[in-house]
There are 2 protein chains.
Amino acid sequence: MQETTALSELKSAFILHFGEMGSRWGINRTVGQIYALLFLSEEPLCADDIVTTLGFSRSNVSMGLKELQGWNLVTLSHRPGDRRDFYATPEDLWAIVRTLATERRKREIDPTLSKLRTLSMAPPSAEDAYAHQRITEARDLIEDMTQFHDELDQLETERLVALLKAGRKLQYFVQGASRVLPLPIRKKG
Amino acid sequence: MQETTALSELKSAFILHFGEMGSRWGINRTVGQIYALLFLSEEPLCADDIVTTLGFSRSNVSMGLKELQGWNLVTLSHRPGDRRDFYATPEDLWAIVRTLATERRKREIDPTLSKLRTLSMAPPSAEDAYAHQRITEARDLIEDMTQFHDELDQLETERLVALLKAGRKLQYFVQGASRVLPLPIRKKG
DNA sequence: GTTTTGTTTCAGAAATTCCTGAAAGTCGTG
DNA sequence: CACGACTTTCAGGAATTTCTGAAACAAAAC
């Protein structure tokens, strides 16, 4: 086992924060804290390391790790002659961001897109004219956004970061590419 | 009041779906359904319209509307000689997306960024070397992402959509602009 | 086949969140 | 300031989610 000593100030502050934020992120406190602990660990940890360090029940940790695996947010490893599973987070933070984006989309967007597609298929009655139009607009917008995500997700991290850093400057390239007329830059609200 | 008749199939399917998705979106079922109803309504609705249509208690609707106002997701309007508040969603779907992005960031990202800044300020002890480095990396990444969001948020909707539609093509412009060496395009996983 | 070491399931206790009806609050008008 | 029309607050019951310990399960070593 790794962590038998008490956590440092720094680590426990970070872990407690992630636990509290967990609820806003759709995961629970336990899972948030487990992820935070793994994130800060240089070495992979096994379930009992987490039990010892965070003081949750063994089964709670087991469930939490299972949920993190469901999110593809942890990697498993093993040691020779040791049957235990050791858990870690990806070294590359961008890999974590990509996974989060993909998994959140899977849970939060895709089911709605599918429902909107179904609903916009059926021809609307007269009383539903406006509602049908709204639903169709929403479907179109979400389709554009998910396609954009698909396309960005195919980029190398280097290129993705380069795009990110370019930020607002990107608009100039788009103008040339898609013949959008120049527009005044909106003042920050 | 507007809606005294039963909801159409289309509307109730949409509203029920939003209620169910609400939990994944960090809002509760009631709030999700209220928003869905407003979203599909051509005319603004008052609180009692919502009570009548959805069958929630008056106070629950009041709380729900208050929460939606806290998210800046609804607009208020009034009629001459009528003190009631009438609620509607923005006509422009992109305005809704922008608001959602801003508000989610405010709740989900900004508090963490602030915490990470504090934690990365303090000089780390030897045992915290790795943890401190991880925290600093996370802070840098989130700073880059929030700045990107700030910059995109300043763009006109036309330009934002043009960027979106350009998708992966954007990488070519970035290459030229930032002297990133050409890299092979990653195959879709 | 039994022991040893580790993981998972599951029923119910504990904690949290949601929802309601009743009471209190607000505000323009007579 | 009292009325009428509308909105908000709040205590507590209902529903849901989280967490635990005990038991079941799995698989390698003996």
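In what follows, chains carry the letters A, B, and so on, assigned in the order in which the sequence lines appear, proteins first and then strands, with residues in each chain numbered from 1.
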On the nucleotide dC18(C), are OP1 or OP2 found under 4.0 Å from the side-chain N or O atoms that Arg29(B) carries? no
Using only side-chain N and O atoms of Arg58(A), determine if any of them is under 4.0 Å from OP1 or OP2 of dG21(D). no
Whole angstroms only, please: what is the CG-P distance between Asn60(B) and dT17(C)? 16 Å
Closer than 4.0 Å, any side-chain N/O of Lys66(B) to the OP1 or OP2 of dT9(D)? yes
Let me know the distance between NE2 of His78(A) and P of dA27(D), rounded to the nearest Å. 13 Å
Heavy-atom donor-acceptor pair, Thr136(B) side chain to His132(B) backbone, under 3.5 Å: yes
Test applied, side-chain contact (heavy atoms from CB on, under 4.5 Å); reference residue, Leu38(B); option that passes from Leu73(B), Asp49(B), Val74(B): Val74(B)
Can you find a side chain N or O atom of Asn28(A) that sits less than 4.0 Å from OP1 or OP2 on dT17(D)? no
Residue that, paired with Glu108(A), satisfies salt bridge (charged side-chain N to carboxylate O under 4.0 Å, His left out) out of Arg105(A), Arg104(A), Lys106(A): Arg104(A)
Rounded to whole Å, the CZ-C1' distance (Arg84(A) to dT4(C)) equals 14 Å
Near Glu143(A) CD, under 6.0 Å, is it more than 12 heavy atoms from other residues, nucleotides or ligands? yes
dT7(D) C1' sits how many Å from Leu76(B) CG, rounded? 12 Å
Interatomic distance where CE belongs to Met63(B) and C1' belongs to dG21(C) [whole Å]: 13 Å
Expressed as a whole number of angstroms, how long is the span from Ile50(A):CD1 to dG6(C):P? 15 Å
First encountered from the 5' end of DNA chain C, between Ser59(B) and Ala47(A): Ala47(A)
Spacing between Tyr87(A) atom OH and dT8(C) atom P, to the nearest angstrom: 6 Å
Within the structure, does a side-chain N or O atom of Ser62(B) lie under 4.0 Å from either OP1 or OP2 of dT8(D)? yes
Gap between atoms CZ and C1', on Phe86(B) and dT7(D) respectively (whole Å): 14 Å
Heavy-atom count check: over 12 atoms from other residues, nucleotides or ligands less than 6.0 Å from Gln69(B) CD? yes
Side-chain-base donor-acceptor pair under 3.5 Å for Ser57(A) and dG21(D): no
Is the phosphate of dC19(D), meaning OP1 or OP2, less than 4.0 Å from a side-chain N or O of Thr30(A)? yes
Against the side chain of Asp85(A), the closest entry in dT7(C), dA22(D), dC10(D) is dT7(C)
